[in-house]
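Throughout, a chain's letter reflects where its sequence line sits, starting with A, and its residues are numbered from 1. Since the structure is predicted, the reported quantities are computational estimates derived from the model, not experimental observations.
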2 protein chains.
Amino acid sequence: MLFSVDPASSAPLHEQVAASVRREMGAGRLRRGERLPSAKEAASLLDINLHTVLRAYQTLRDEGLIDLRRGRGAVVTAPDPTGQARLHTLVAELVAEARRVGATRDDLTQLIESEF
Amino acid sequence: MLFSVDPASSAPLHEQVAASVRREMGAGRLRRGERLPSAKEAASLLDINLHTVLRAYQTLRDEGLIDLRRGRGAVVTAPDPTGQARLHTLVAELVAEARRVGATRDDLTQLIESEF
DNA sequence: ACCTATTTGTCCGTATGTATG
DNA sequence: CCATACATACGGACAAATAGG
């Protein structure tokens with residue numbers, strides 16, 4: 001199943017939709033070049049509002065995961081070059097910045113704690 | 001004038017609002033710690049919809065320029081491209097990626113530990 | 001060149017929920 | 001408890017880009 005949302009979940013619907021797509025991409029069930037269902041169609045399938053789906057798609061676009069354009073729809077651009085590698089890159093950037101600012105390891109731990 | 005929009009412009013209203021705030025910050029007329037008018041108030045002043053202002057505020061938050069929170073409003077956190085704001089932006093990116101990949105908080109702590 | 005259908009983009013309005021003070 | 005303020009979701013309307021006939 002490409003999408004699925006749980007109306008009872010506390011997580012916002014638009015986030016659930018975005019998460020669904022990310023999961024499919026991560027699992028390789030959605031690959032580069034593939035087209036996502038139109039927002040209208042997805043909304044109909046999930047029985048949620050068109051705008052809610054559009055918001056999810058726009059989030060994915062901001063993350064660089066899909067190419068979303070008027071009149072065309074949404075096409076997967078990246079299969080998330082993923083996992084640990086990407087995570088390590090971000091950690092390296094973060095630590096470098098922390099050093100520059102004078103933040104300690106504990107400061108970062110704290111920040112991440114609250115961010116989660 | 002803190003905000004101004006031109007209804008005739010082709011630029012989206014929410015972008016015009018965000019741009020206004022950025023300009024004020026850049027010019028030093030809005031400084032760290034200062035509070036922006038509530039979205040409702042700003043919308044009333046500009047004679048545009050509440051959601052349009054909220055969208056602009058949320059964009060600024062994503063950029064790390066303001067701290068926007070429920071029940072509190074919007075407070076300027078920048079200008080400070082290399083300070084805490086920047087750090088927070090990186091943390092946010094990292095955590096978002098971690099979620100995407102399925103990494104836990106402890107995984108991140110561990111990674112940072114070894115990076116330090 | 002034109003027309004039409006599809007699809008996203010923006011904006012407005014309304015309602016309800018949740019966090020803050 | 002109450003007022004304020006943002007968050008989410010739904011709905012409607014129109015605009016603009018795209019694709020296809």
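Between B:R22 and B:L65 the shortest side-chain heavy-atom distance falls below 4.5 Å. In this structure, the side chains of B:D6 and B:Q16 come closer than 4.5 Å at one or more pairs of heavy atoms. The closest side-chain heavy-atom distance from B:L68 to B:V75 is not below 4.5 Å. Taking the side chain as every heavy atom from C-beta outward, B:V17 and B:I48 approach each other to under 4.5 Å.
The residue B:L50 sits apart from the nucleic acid: no heavy atom pair falls under 4.0 Å.
B:R70 has its CZ atom 7 Å from the C1' atom of D:dC6, to the nearest Å. Atom CG in A:L13 sits about 10 Å away from atom P in D:dT8, given to the nearest Å. Straight-line distance from the CG atom of A:D47 to the P atom of D:dG11: 8 Å, rounded to whole Å. For B:L36 and D:dT4, the CG to C1' distance is 16 Å, given to the nearest whole Å. Counting to the nearest Å, the C1' atom of D:dA7 and the NE2 atom of A:H14 are 8 Å from each other. Separating the CZ atom of B:R61 from the C1' atom of D:dC6 is a distance of 9 Å, rounded to the nearest angstrom. We find that NZ of A:K40 is positioned 14 Å from C1' of D:dG11, with the value rounded to whole Å.
Across every non-hydrogen atom of A:S4 and A:S20, the tightest pair is O-OG, 3.2 Å. Closest heavy-atom contact between B:A42 and B:Y57: CB-OH, 4.0 Å. Between A:I66 and A:A74 the shortest heavy-atom distance is CD1-CB, 3.9 Å.
Comparing A:N49 and A:G71 by the nucleotide of DNA chain D that holds the closest heavy atom to each, the one mapping nearer the 5' end is A:N49.
Atom CG of A:D47 sits in a sparse spot, with 12 or fewer heavy atoms from other residues, nucleotides or ligands closer than 6.0 Å.
Counting 5' to 3', DNA chain C first comes under 4.0 angstrom of a heavy atom of chain A and last does so at the ends given by C:dT7 to C:dC11.
The backbone N or O of B:R72 sits less than 3.5 Å from a side-chain atom of B:R35, completing a donor-acceptor pair.
Contact of B:H51 with D:dA7 (side chain to base): no donor-acceptor pair of N or O atoms is detected under 3.5 Å.
Within the structure, a side-chain polar atom (N or O) of A:R72 is placed less than 4.0 Å from OP1 or OP2 of D:dA19.
Put simply, B:L30 and B:L60 are part of the same group of oily side chains (I, L, V, M, F, W, Y) that touch within less than 4.5 Å, one to the next.
Contacts with DNA chain C (heavy atom under 4.0 Å) in residues 52-60 of chain B: B:T52, B:R55, listed by number.
For the atom pair CZ of A:R31 and CD of A:E34, the computed distance is 6.5 Å after rounding to the nearest 0.5 Å.
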Revision key, fill the gap. Each base of DNA chain C marked ( ) or [ ] if paired in-strand (Watson-Crick or G-U under 3.5 Å), | if paired to another strand and . if unpaired gives .||||||||||||||||||||
